[in-house]
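In this chain, residues are counted from 1 in sequence order. All figures in this text were calculated on a predicted structure; none of them were measured in a lab. Every heavy atom of this structure was used, including side-chain atoms; hydrogens, water molecules and symmetry mates were not.
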Amino acid sequence: MVTTTTTFNRGPRKKKIGAKRLFVMKFSEVGGEQQRFVVLIIWFNHPLFVQLLKEVKDEYGLKQIGTITIPCNVHHFHTIISRIVSLSF
C-alpha cells in the first residue's frame, strides 16, 4: 500500500492508495538505464498517456515479457505526468 500526505484544515493527514489502483512500469532511453515508476491506473485513460503508449507501440511494437518497459526519455515521461497531474486538479 502506498501512502500519500494531503493537507486539510486540521493539518496533514495520510491518505492510502490501494495497490489495485497502481501499476509498475519501467522507462528508459533506448540502450540507457531503466527507471522504475509506480503510476496510477487511471492515468492509462488520459489522452496524453494514451498518446505516449500509441507512439511507443507504433515505433517499437508490443513484444514484451515481464514488467512493461517503455523506451522513452525519462524527462519526457516526467513532463507528461506533470501535465496530467496539473490538469487533474
Side-chain angles (χ1 to χ4, degrees):
M1 179 117 8
V2 174
T3 302
T4 60
T5 302
T6 55
T7 304
F8 296 99
N9 291 338
R10 292 179 278 177
R13 294 191 181 185
K14 293 193 176 185
K15 177 181 174 184
K16 293 184 178 181
I17 299 174
K20 292 181 181 179
R21 294 180 174 181
L22 303 172
F23 193 80
V24 176
M25 300 179 78
K26 291 182 181 176
F27 288 82
S28 71
E29 293 185 46
V30 177
E33 185 177 332
Q34 296 179 353
Q35 291 188 25
R36 182 178 176 264
F37 292 91
V38 178
V39 299
L40 292 170
I41 289 176
I42 196 166
W43 291 348
F44 280 80
N45 291 325
H46 194 282
L48 292 172
F49 205 87
V50 169
Q51 182 62 32
L52 171 65
L53 295 176
K54 183 182 179 319
E55 289 173 12
V56 169
K57 177 190 149 234
D58 291 347
E59 188 162 339
Y60 298 100
L62 295 174
K63 297 178 185 176
Q64 292 206 14
I65 297 173
T67 305
I68 294 177
T69 303
I70 305 293
C72 167
N73 178 291
V74 175
H75 176 72
H76 180 65
F77 173 69
H78 279 286
T79 302
I80 290 171
I81 296 306
S82 295
R83 290 186 65 199
I84 290 172
V85 170
S86 69
L87 294 172
S88 298
F89 294 102

> In terms of the angle between their ring planes, are Phe27 and Phe77 parallel, tilted or perpendicular, with boundaries placed at 30° and 60°?
Replying inline: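 Judged by the thresholds at 30° and 60°, the geometry between Phe27 and Phe77 is parallel.
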>> With clusters defined by side-chain heavy atoms of hydrophobic residues (ILVMFWY) lying less than 4.5 Å apart, directly or transitively, does Met25 cluster with Val50?
In response: no
> In terms of hydrophobic clustering (I, L, V, M, F, W, Y; side-chain heavy atoms under 4.5 Å; direct or indirect links), are Leu22 and Ile68 co-clustered?
Replying inline: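 In one cluster: yes.
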> Hey, does Ser28 have a side-chain heavy atom less than 4.5 Å from the side chain of Val74?
Replying inline: no
> Do the non-hydrogen side-chain atoms of Leu48 and Trp43 ever get within less than 4.5 Å of each other?
Replying inline: no
>> Measuring from atom CD1 of Ile84 to atom CG of Leu40, what distance do you get when rounded to the nearest 0.5 angstrom?
In response: 9.5 Å
> Checking side-chain contact (heavy atoms from CB on, under 4.5 Å) for the pair Ile81/Phe49: CA distance, chi angles, key distance, verdict?
Replying inline: CA-CA 8 Å; Ile81 296 306; Phe49 205 87; 4.0 Å; yes
>> Among residues at least two apart in sequence or on other chains, which ones pass ring pair (Phe, Tyr, Trp, His ring centres under 6.0 Å) with Tyr60?
In response: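 Ring pair (Phe, Tyr, Trp, His ring centres under 6.0 Å) list for Tyr60, sorted by chain: empty.
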> What salt bridge (Lys or Arg N to Asp or Glu O under 4.0 Å) pairs are there with at least one residue in residues 30-55, not counting sequence neighbours?
Replying inline: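 Salt bridge (Lys or Arg N to Asp or Glu O under 4.0 Å) check on residues 30-55 returns Lys54-Asp58.
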>> Using the rule given for side-chain contact (heavy atoms from CB on, under 4.5 Å), can you reason through Arg21 versus Ile41, listing the C-alpha separation, both sets of side-chain angles and the distance that settles it, and then say yes or no?
In response: CA-CA 5 Å; Arg21 294 180 174 181; Ile41 289 176; 5.6 Å; no
> Yes or no on side-chain contact (heavy atoms from CB on, under 4.5 Å) for Gln34 and Thr69, after CA distance, side-chain angles and deciding distance?
Replying inline: CA-CA 8 Å; Gln34 296 179 353; Thr69 303; 3.7 Å; yes
>> Applying side-chain contact (heavy atoms from CB on, under 4.5 Å) to Ile80 and Gln51, what does each step give before you reach the verdict?
In response: CA-CA 10 Å; Ile80 290 171; Gln51 182 62 32; over 6 Å; no
